[in-house]
Amino acid sequence: MALSDTPMNLTRAAHVGISVSDLDVSIAFYTALTGREPVAQGTMDSEPFGHAQGLPNAKLRYATINIDGLGIDLIQFQDPAGERTNGKANRPGSMHLCFKVDDFDATCQRMKDAGYGFLGDAYTFMAGEVTPDAALGTKVAYFNDPDGTNLEIIQPKGGFAR
């Protein structure tokens, strides 16, 4: 597919949508993770909305949890129900949601104490492994939600800082 060189100027995110298998379990997980309750919950049953997503129908339950600058839409498709993607980080098409933290070590320890399982050890970007050098010292750790959605916490430096 050839795309035009014309910039579309899409520079502001509104929300990230995460398909889930059990909305109630996911609401509990993301509420505990963010400390925020859903600001909206509801249902939808619409063939036209399903068609807009390339599906025959969209019968679903949803909840939205707002964090600073971004909504997290949790969506449980009931018809058609989907299969788990098992989206490992290196699989094209997979993505992750990253949470910026101010005190990485304290947040990481709090999460471990609360029972969150990390995919591997926390990591600090080192010289010779990443460019530019301004990114050195960035700390990251990765974990999954109950459906295997890739999540990250980061204390960014340099080019990763915003």
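This structure is a prediction, so every number in the text was calculated from the model and none was measured. Along the sequence shown, residues carry numbers from 1. Basis for what follows: all heavy atoms, side chains included, without hydrogens, waters or symmetry-related copies.
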Asks: Quick check on the hydrophobic clustering: are I153 and I18 connected, directly or via other members, by side-chain heavy-atom contacts under 4.5 Å?
Replies: yes
Asks: Heavy-atom distance under 4.5 Å between the side chains of M111 and L33, does that happen here?
Replies: yes
Asks: Run the side chain to side chain contact (heavy atoms under 4.5 Å, CB included) check on V20 and F77 step by step: do they pass?
Replies: CA-CA 8 Å; V20 303; F77 281 88; over 6 Å; no
Asks: Are the side chain of Q155 and the backbone N or O of F104 linked by a donor-acceptor pair below 3.5 Å?
Replies: yes
Asks: Name all residues meeting the salt bridge (Lys or Arg N to Asp or Glu O under 4.0 Å) criterion together with D102; count only those two or more places apart in sequence or in a different chain, and write none if there are none.
Replies: none
Asks: Nearest 0.5 angstrom please: L23 CG to Y62 OH, how far?
Replies: 10.5 Å
Asks: Are I72 and N66 side-chain neighbours, meaning at least one heavy-atom pair lies under 4.5 Å?
Replies: no
Asks: So do the side chains of L60 and D45 get within less than 4.5 Å of each other, counting heavy atoms only?
Replies: no
Asks: Can you find a heavy atom in the side chain of L70 that is under 4.5 Å from one in the side chain of L97?
Replies: yes
Asks: Test of understanding: clusters of I, L, V, M, F, W, Y form through side-chain heavy atoms closer than 4.5 Å, transitively. Do L119 and V101 belong to the same one?
Replies: no
Asks: Is I154 reachable from F99 through a run of I, L, V, M, F, W or Y residues, each pair having side-chain heavy atoms under 4.5 Å apart?
Replies: no
Asks: Is Q109 close to T107 at the side-chain level, that is, under 4.5 Å between some pair of heavy atoms?
Replies: no
Asks: Please report the closest heavy-atom contact between A63 and Q41, naming both atoms and the distance.
Replies: CB-CG, 3.7 Å
Asks: Are V39 and L74 linked, directly or through other ILVMFWY residues, by side chains that come within less than 4.5 angstrom of each other?
Replies: no
Asks: Is the distance between the ring centroids of Y116 and F29 under 6.0 Å?
Replies: yes
Asks: Work out which heavy atom in A135 is nearest to a heavy atom in T138; give both atom names and the distance.
Replies: O-OG1, 2.8 Å
Asks: Strictly distance-based, threshold 3.5 Å: is any side-chain N or O of S94 a donor or acceptor partner for the main-chain N or O of K88?
Replies: yes
Asks: Who passes salt bridge (Lys or Arg N to Asp or Glu O under 4.0 Å) against R36, sequence neighbours left out?
Replies: D68
Asks: Considering non-hydrogen atoms only, spot the tightest contact between P80 and P56 and give its length.
Replies: CG-CD, 4.1 Å
Asks: Taking all atoms of both residues into account, what is the closest heavy-atom pair of M95 and V16, and its distance?
Replies: CE-CG2, 4.2 Å
Asks: With side-chain hydrogen bond (donor to acceptor under 3.5 Å, both in side chains) as the rule and sequence neighbours excluded, what pairs involving residues 19-32 come up?
Replies: S21-D147, D24-R61, Y30-D145
Asks: If I take atom CE from residue M44 and atom CD from residue Q78, how far apart are they, to the nearest 0.5 angstrom?
Replies: 12.5 Å
Asks: How many angstroms lie between atom NZ of K59 and atom OG of S46, to the nearest 0.5 angstrom?
Replies: 13.0 Å
Asks: Strictly by ring-ring contact (aromatic ring centres under 6.0 Å, His included), give each pair with a member in residues 132-154 just once, sequence neighbours left out.
Replies: F118-F143
Asks: Check whether L55 and I75 end up in the same hydrophobic cluster, where Ile, Leu, Val, Met, Phe, Trp and Tyr are linked by side-chain heavy atoms less than 4.5 Å apart.
Replies: yes
Asks: Which pair of non-hydrogen atoms, one from A89 and one from N150, has the smallest distance, and what is that distance?
Replies: N-ND2, 4.1 Å
Asks: Hey, does F49 have a side-chain heavy atom less than 4.5 Å from the side chain of N57?
Replies: no
Asks: Check salt bridge (Lys or Arg N to Asp or Glu O under 4.0 Å) between K139 and all other residues, then give those that pass, not counting sequence neighbours.
Replies: D105
Asks: Mark yes when over 12 heavy atoms from residues, nucleotides or ligands other than R84 sit less than 6.0 Å from its CZ; otherwise mark no.
Replies: yes
Asks: By the salt bridge (Lys or Arg N to Asp or Glu O under 4.0 Å) test, which pairs, at least two apart or in different chains, include something from residues 73-83?
Replies: none
